[in-house]
Amino acid sequence: MDGGTGPGSWLLMTVGDNRQHGGNAGYDDQVDVYYTWDSTVPNHANVRPGDRIALWDKDRLLGISVVEEITQETKEKLLFKCPACAMAGIKARKNKSPLYKCYKCGAEFDVPTSQSVIVTEYRSRHDAAWTSLDNLLRGPDLRSLCESPRSQLSMRAMRWDDFRAAIAAKGADRAVERVDHRHPDLFFPQGHRLEIVRVRRGQRQFREHLLARQGESCAFTGGAPARALEAGHLYSYAQLGVHHEHGGLLLRRDIHRLFDDGWLAVDPTTLRVDVADPLARYPQYSKLEGRRLRAELGDSQVTWLSRHWSEHRTG
């Protein structure tokens, strides 16, 4: 974690129902919206609003953001322990019998002992600045960027400057810039913080609105299954914190990331795609050069594309 009074930096592990700690049943996470943990987890009280976070699933980077707020709730939790040594270092196995193995004493068993405890559950929201960077860095790279590379903790302090350099080396430095530019003051005035939470909860409706208007089609590449399409903002959602009805296009996931980083842009005078030089060696992207968009655009969408063009091509 960065020293001084500045924001901290964390690598947070999330693998859905399979994320376990201390023999518990896992945590409820939605990777692009919120992260959940409790007071049984090391570093549970060290993460704060304004801290920068990178989420991963043990194998690869998923994305980065900034913690907007953290809520707390007292809950009853069921912990599972080894019947032989009473330690919580157990985990259910998928393809072996007995079902459980204790990684402390080596005992194997089908039914663990259980204990009910009172914990503080924490949930952090980070959706306003969320930027997907799926698979940009692999697990070993991420571990090496932690302050304790051999740590097995689910919440690990990171060396953010080194992480930023690793992302920049992959050509996605603008993604980190967006996170770095989220000023901490945005997270503390209550009215603004609540507004960010309220409007971001409309992300699903925003996507459904675009699907209804544009169909199952990426604006850059054409037809694609709905599962592969994301609601791409033509402006910086992290800065404005609102969903403009005519401020988005459906984009294939990879196209969405490249558009956000400015590697793909649209000339507002011709509505033709411009491909940045680093993509020229990839045929699937270089062939988009000069193509017209596959979506019908309204005036407001052209205006947003013009601002994006100014930022990434003429700014």
Side-chain angles (χ1 to χ4, degrees), residues 1 10-48 51 53-63 65 67 69-127 130 134-135 137-158 204 227:
M1 183 169 59
W10 301 93
L11 179 65
L12 306 180
M13 184 177 68
T14 175
V15 285
D17 293 337
N18 292 324
R19 181 164 72 91
Q20 301 182 29
H21 176 85
N24 67 59
Y27 297 89
D28 171 30
D29 295 335
Q30 186 173 331
V31 66
D32 59 343
V33 179
Y34 59 82
Y35 185 82
T36 308
W37 70 98
D38 62 49
S39 51
T40 66
V41 178
N43 287 322
H44 67 269
N46 294 332
V47 180
R48 295 177 173 85
D51 283 359
I53 56 174
L55 274 72
W56 71 317
D57 66 356
K58 291 186 178 181
D59 297 318
R60 71 192 194 282
L61 176 66
L62 301 175
S65 193
V67 175
E69 68 168 2
I70 299 175
T71 59
Q72 300 181 29
E73 184 179 355
T74 300
K75 285 191 171 184
E76 186 176 12
K77 178 173 185 160
L78 197 62
L79 296 181
F80 304 106
K81 297 185 178 183
C82 171
C85 69
M87 299 299 289
I90 67 174
K91 188 173 182 180
R93 303 185 292 188
K94 293 182 178 179
N95 302 313
K96 290 186 178 181
S97 182
L99 179 60
Y100 289 91
K101 179 177 181 179
C102 176
Y103 293 91
K104 298 293 185 179
C105 71
E108 297 180 322
F109 46 93
D110 283 314
V111 181
T113 58
S114 62
Q115 177 186 4
S116 179
V117 298
I118 301 299
V119 301
T120 300
E121 182 180 272
Y122 301 85
R123 174 170 291 181
S124 64
R125 291 192 66 95
H126 56 257
D127 46 335
W130 174 257
D134 192 15
N135 208 27
L137 295 177
R138 302 298 295 174
D141 301 319
L142 292 167
R143 292 184 184 93
S144 71
L145 297 170
C146 293
E147 288 192 357
S148 300
R150 295 192 170 206
S151 169
Q152 297 297 313
L153 302 182
S154 59
M155 307 177 75
R156 315 179 192 192
M158 290 186 68
R204 180 172 297 176
R227 184 174 176 81

**Study point:** Inter-residue atom distance Leu142.CG - Met158.CE, 0.5 Å rounding
**Key:** 6.0 Å

Point to revise | Euclidean distance, Leu55 CG relative to Leu12 CG, rounded to 0.5 Å | key: 5.0 Å

**Study point:** Check: Tyr35 side chain, Met13 main-chain N or O, donor-acceptor pair, under 3.5 Å
**Key:** yes

Review point. Below 4.5 Å, heavy atoms only, C-beta onward: do Val41 and Ser154 meet side chain to side chain?
Key: yes

Exercise for review: Anything under 30° is parallel, anything over 60° is perpendicular, the rest tilted; go ahead and classify His44 against Tyr122.
Suggested key: tilted

**Study point:** Side-chain heavy-atom pair Thr113, Phe80 within 4.5 angstrom cut-off
**Key:** no

Check your understanding: Any side-chain donor-acceptor pair under 3.5 Å between Thr71 and Arg123?
Key -> no

**Study point:** Inter-residue atom distance Cys102.SG - Lys81.NZ, 0.5 Å rounding
**Key:** 11.5 Å

**Study point:** 4.5 Å side-chain heavy-atom contact, Pro112 and Cys82
**Key:** no

Practice item. Please confirm whether the backbone N or O of His126 pairs with a side-chain atom of Ser65, one donor and one acceptor, at under 3.5 Å? Key: yes

Review point. With a 4.5 Å limit on heavy-atom distance, are the side chains of Leu11 and Leu145 in contact?
Key: no

Point to revise | Gap separating the CD atom of Gln72 from the CG atom of Asp38, nearest 0.5 angstrom | key: 11.5 Å

Practice item. Evaluate the criterion salt bridge (Lys or Arg N to Asp or Glu O under 4.0 Å) for residue pair Asp134 and Arg60; output intermediate values, then yes/no. Key: CA-CA 7 Å; Asp134 192 15; Arg60 71 192 194 282; 2.7 Å; yes

